[in-house]
Visitor: 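Pasting in a structure now, in C-alpha cells, and then I'll have a few things to ask.
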Number of protein chains: 2
Amino acid sequence: MGASLRDIARLAGVSVKTVSNVVNGYAHVSPATRAKVEHALSQLDYRPNLSARNLRRGRTGVIALALPELDAPYFAELSRFVIEAAAELRWLVVIEQTDGSLERERQILDGVRDHRVDGLILSPVAIGVDELAARTDDTALVLLGERIHDGPADHVAIDNVRAARDVTEHLIGLGRTRIAALGAQDNSASGTAPLRLAGYRQALAAHGLPETVAKVERYRRHEGAAAMAALLGHRPDAVFCFNDLLALGAMRTILSAGLRVPEDIALAGLDDIEDGRYSTPTLTTLAPDKAELARIAVDLLKRRIDGLPGHPPQETRAGYRLMARESTLGR
Amino acid sequence: MGASLRDIARLAGVSVKTVSNVVNGYAHVSPATRAKVEHALSQLDYRPNLSARNLRRGRTGVIALALPELDAPYFAELSRFVIEAAAELRWLVVIEQTDGSLERERQILDGVRDHRVDGLILSPVAIGVDELAARTDDTALVLLGERIHDGPADHVAIDNVRAARDVTEHLIGLGRTRIAALGAQDNSASGTAPLRLAGYRQALAAHGLPETVAKVERYRRHEGAAAMAALLGHRPDAVFCFNDLLALGAMRTILSAGLRVPEDIALAGLDDIEDGRYSTPTLTTLAPDKAELARIAVDLLKRRIDGLPGHPPQETRAGYRLMARESTLGR
DNA sequence: CAACGTTGTTTCAACGTTGTAAACAGGTGC
DNA sequence: GCACCTGTTTACAACGTTGAAACAACGTTG
C-alpha cells in the first residue's frame, strides 16, 4: 500500500495536520518545515487516498454519463467530448448504458444516490418528464440531448425542431417533392422523434408538400434498412432520416435495390457521425456541435454540484451546422 | 444527505454494528431485531456510503478502462462489453482515452495509484514492454488487445498473426495474386501492426506471392483513404487492411476512383465493426470475439484484484471468425 | 507591560463504515 | 451450583483525511 499522511509525518517529524497543510497548499507553513515535509513526501512517493478525502469532503470527483448505447457512434463521439471536458475539472467519468430501457434509466437515477458519483449526465430515452419531476433525490442531474423542454432538471440540446426543418428545407431546395421522413417513433413521449417530426412537417406544410412517415423502434442501421425497404413502395425522391445510422441503413437498402443516391433518392441524416463522411456516397447530415453540447453539460453539472440547490432548471441550446454532401448534391 | 447507519441504529434502538450486520447479511441476527432494523432501513431509505465503505475495505468498486479513442467503433463496441461484464460484478467503469499518446498512457498508469480505481484494463499503443515491466506499482493491470506477448502483466488478445494469415489466405483463395497490405506502422514496437504484417507475409510466402505494404500512422478512415490512393499506382487486385476503419477509408478511395469492389479490387478488413456490415459493398472482415475479450479481461482483473500478487502474468487468447462478405465475394 | 494580533504548529473530533474482541443471555451437562 | 457452550449483541478502534479549535512563540500597539 501507499504511504499515508501519518507515515510522512513520522518521517518528517511533524504532525499529520502539518503534512496535510503542505499537501493542500495551506499558506502559513514555514519554509523550513515545508521543505522537510516535501522531501519526505517525495521520498515516500505520497499519494492522497481519495476514498478518505472523499469521505471527509463528501465528494468523489466522479460523475456518471448515462446514455443509451456506447456503440452508437453518435454517443461514442459525444462521450469522448464529455470525458475531455470532465478531465479539465479533474473529474473521472463512468459510463452507464441504458439500452433505451425505462428500467435501466430508473435504476441509474436511483443508483446515483449511493454516493459513488457527484452527479449524473443522463441522455434519456424512455423516462417521462413527470417521473423525473417526482424525483426526491437532490443529486446533481443534467439532461443531455433530445428531450422535451422545460423539464425538472437542467437540460442542453440543439433545437431539434428547427434542425429538422432546416434539413427538410435543404431537400426541398433541391427540387424534391416526395420527401419521406424515416425515424418516427410510437413510444417516444420524451424523446427526439416528435420534435424532428414536427420540424419536418413544418417545412413540408410551408411548401404545401405531402408527407410520408416511416416509423422505427430504435435508431440503428438495421431498422433504417428495413424501414427504407418499406418506403421504397412509395417511390419517394428524398428521405430525411432522423439520424445518421438510420440513413446509412437506408442507403444500403436503396443501393442494394439498384437505385442511385442522390439521382433517384436523395438522402439526409442527422448527427454527423464519422461513418457518413466516408460512405459512398458521402452522407448529407446536420452536425450538432458535440463539443459544445458536452462542455455545456459538464458546466451545468458543475454549477449544480457546487451551487446551492433550489435554482430553477436551466435550458440551454447548442449550435449545429448543415453538412451538405454527396447523398443530396451528387458528386 | 442520506441516512447513515447511526440514524438507523437510533431509530431501531440497536447498535450501529447490528445494523451493519443486517445490511451485510451476517447470519447471527435474531429474526426480531432483523425485522426491526429492516423496517428502519426502509423507512429512512438507507444507502450505504460507498466512500466510507471503500475507505474501510480498501476497495472502490471502480475499474478504469483506458483505450486509444472511444470514437473508434471497435473500441466503443469493446467498451460496451467491458462495461457489461463489469456490471455483473457490480463494478463501475471509468473510461480514459489515451489518443495513442505515450504520455497519456504513462499518466494513466501512474494515476491508477491514487486509489480511485481498483484496477486498470489498458489497451496500449505507445508504451513499451520494458517500461511496463519497470512498473513498481502493484495495482491490478490487464493488457487488452493487440500486444507483444509475454509481457509483465496479464494479457488477452486474439492470435493476430494467425488472424492476419487467415484473412490473407481468404484473398489468395479467391485467386488474387497482387495482394497489398494496408496498415503497417513505423513506430509500433509494442502494437498490432507487426503481428498482422507477419501473418500477411507468412501467407504470401507460402504461396510464393509478392508483397506490397502501405504504412499509416494511425488506424483512422482518412489515413486508410490516403494510403489507398498511394496504393492505386501499384494496381493491386486485393487489399488487406489491418483494421476496418482503414478498409472503409480505402473503399471510399477505390469507389471514388471509379473502380469496383470486389471486381477490380477485393477488400478485407479486421475488427468487424458495425459500419462494415452496412457499407456498400459490405465489408469482408475478421471478427474478434469482443464479448469474450471483454469477459476475459474483466475476469483476469478480478483475479488480480482478489488474489495475492506474485502470480506470473497470464496469456489468454480469444476466438475470432472470418466474415466473408461482398467486398471480396461480390453480390 | 498588558493586551492584542499574527504566524506556525498541534490536538481533537469527525466523515460512515466494518473487523475484532469482548459482553451478555440463555441453555446443557455434570 | 458451576463450567461451558451457542447465539446474539455491543463497544471500540481503525481506515486516511481535514475543519475547528487550541496553543505557543513572537512581534506590535496603545
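A note on names: the letters A, B, ... follow the listed sequences, proteins ahead of strands, and every chain is numbered from 1.
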Visitor: With a 4.0 Å limit, can you tell me whether Arg53(A) has a side-chain N or O closer than that to the phosphate oxygens OP1/OP2 of dT18(D)?
Guide: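 Yes, because at least one side-chain N or O of Arg53(A) sits under 4.0 Å from OP1 or OP2 of dT18(D).
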
Visitor: If you define the side chain from C-beta out and look only at heavy atoms, does anything of Leu102(B) sit under 4.5 Å from Glu131(B)?
Guide: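 Leu102(B) reaches Glu131(B) side chain to side chain.
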
Visitor: Between P on dT17(D) and CG on Asn54(A), what's the gap in Å once rounded to a whole number?
Guide: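 Computing the Asn54(A):CG to dT17(D):P distance gives 11 Å.
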
Visitor: Got a donor-acceptor contact below 3.5 angstrom from the Arg104(A) side chain to the Gln97(A) backbone?
Guide: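 Yes; judged by distance alone, with no hydrogens or angles, the pair exists.
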
Visitor: Students often get this wrong, so: under 4.0 angstrom with heavy atoms, is Asn24(B) touching a base, only sugar-phosphate, or nothing?
Guide: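 Sugar-phosphate contact only.
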
Visitor: Nearest whole Å is fine: how far is dT18(D) C1' from Leu55(B) CG?
Guide: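 To the nearest whole Å, that distance equals 13 Å.
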
Visitor: I'd like to know if Arg59(A) pairs up with Asp306(A) as an ion pair, taking the criterion as any Lys NZ or Arg NE/NH1/NH2 lying under 4.0 Å from an Asp or Glu carboxylate oxygen.
Guide: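 Yes, charged N to carboxylate O under 4.0 Å.
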
Visitor: Need the pair for dC2(D). Rule: Watson-Crick or G-U wobble, both distances under 3.5 Å, any strand; none if unpaired.
Guide: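 Base-paired to dG29(C).
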
Visitor: Which base, if any, makes a Watson-Crick or G-U wobble pair with dT20(C), both distances under 3.5 Å?
Guide: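 Result: dA11(D).
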
Visitor: Can you check the Ile8(B) CD1 to dT17(C) C1' distance for me, whole Å?
Guide: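 So the two atoms are 13 Å apart, to the nearest Å.
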
Visitor: Can a donor-acceptor pair be found between the side chains of Thr139(A) and Asp137(A) at a distance below 3.5 Å?
Guide: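 Indeed, the side chains of Thr139(A) and Asp137(A) share at least one donor-acceptor pair under 3.5 Å.
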
Visitor: Can you name the closest pair of heavy atoms from Ala3(A) and Ile8(A) and give their distance?
Guide: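 Closest heavy-atom pair between Ala3(A) and Ile8(A): CB-CD1, 4.4 Å.
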
Visitor: If we call it a pair only when both distances are under 3.5 Å in a Watson-Crick or G-U wobble match, what pairs with dG30(D)?
Guide: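 The answer is dC1(C), by the H-bond criterion.
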
Visitor: Toward the 5' end of DNA chain D, which comes first, Arg57(B) or Pro31(B), by nearest nucleotide?
Guide: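 With Arg57(B) and Pro31(B) compared, the 5'-side residue is Pro31(B).
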
Visitor: Taking only N/O atoms, report every protein-nucleotides 9-14 of chain D pair under 3.5 Å with atom names and distance.
Guide:
| residue | atom | partner | partner atom | Å |
| --- | --- | --- | --- | --- |
| dT9(D) | OP1 | Ser30(B) | OG | 3.0 |
| dT9(D) | OP1 | Thr33(B) | OG1 | 2.7 |
| dT9(D) | OP2 | Ser30(B) | N | 2.9 |
| dT9(D) | OP2 | Thr33(B) | OG1 | 3.0 |
| dT10(D) | OP2 | Ser15(B) | N | 3.0 |
| dT10(D) | OP2 | Ser15(B) | OG | 3.1 |
| dT10(D) | OP2 | Thr18(B) | OG1 | 2.5 |
| dA14(D) | N3 | Arg56(B) | NH1 | 3.1 |

Visitor: Between atom CG in Leu44(A) and atom P in dG16(D), what is the gap in whole Å?
Guide: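 So the CG-P distance, Leu44(A) to dG16(D), works out to 14 Å.
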
Visitor: Could you check how far CG of Leu5(A) sits from C1' of dT9(C), rounded to whole Å?
Guide: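 That distance rounds to 15 Å.
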
Visitor: Categorize Ser20(B) for me: base, sugar-phosphate, or nothing, with a 4.0 angstrom heavy-atom threshold over every strand shown.
Guide: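 Base contact.
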
Visitor: Strictly below 4.0 Å: does Asn49(B) bring a side-chain N or O up to OP1 or OP2 of dC15(C)?
Guide: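 No, outside the criterion.
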
Visitor: When you measure from the side chain of Arg116(A) to the backbone N and O of Thr60(A), does any donor-acceptor pair fall under 3.5 Å?
Guide: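 Here the side-chain-to-backbone pair does not exist.
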
Visitor: Is it the case that atom CD in Glu103(A) sees more than 12 heavy atoms from other parts of the structure closer than 6.0 Å?
Guide: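 No, the 6.0 Å shell around CD holds no more than 12 heavy atoms from other groups.
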
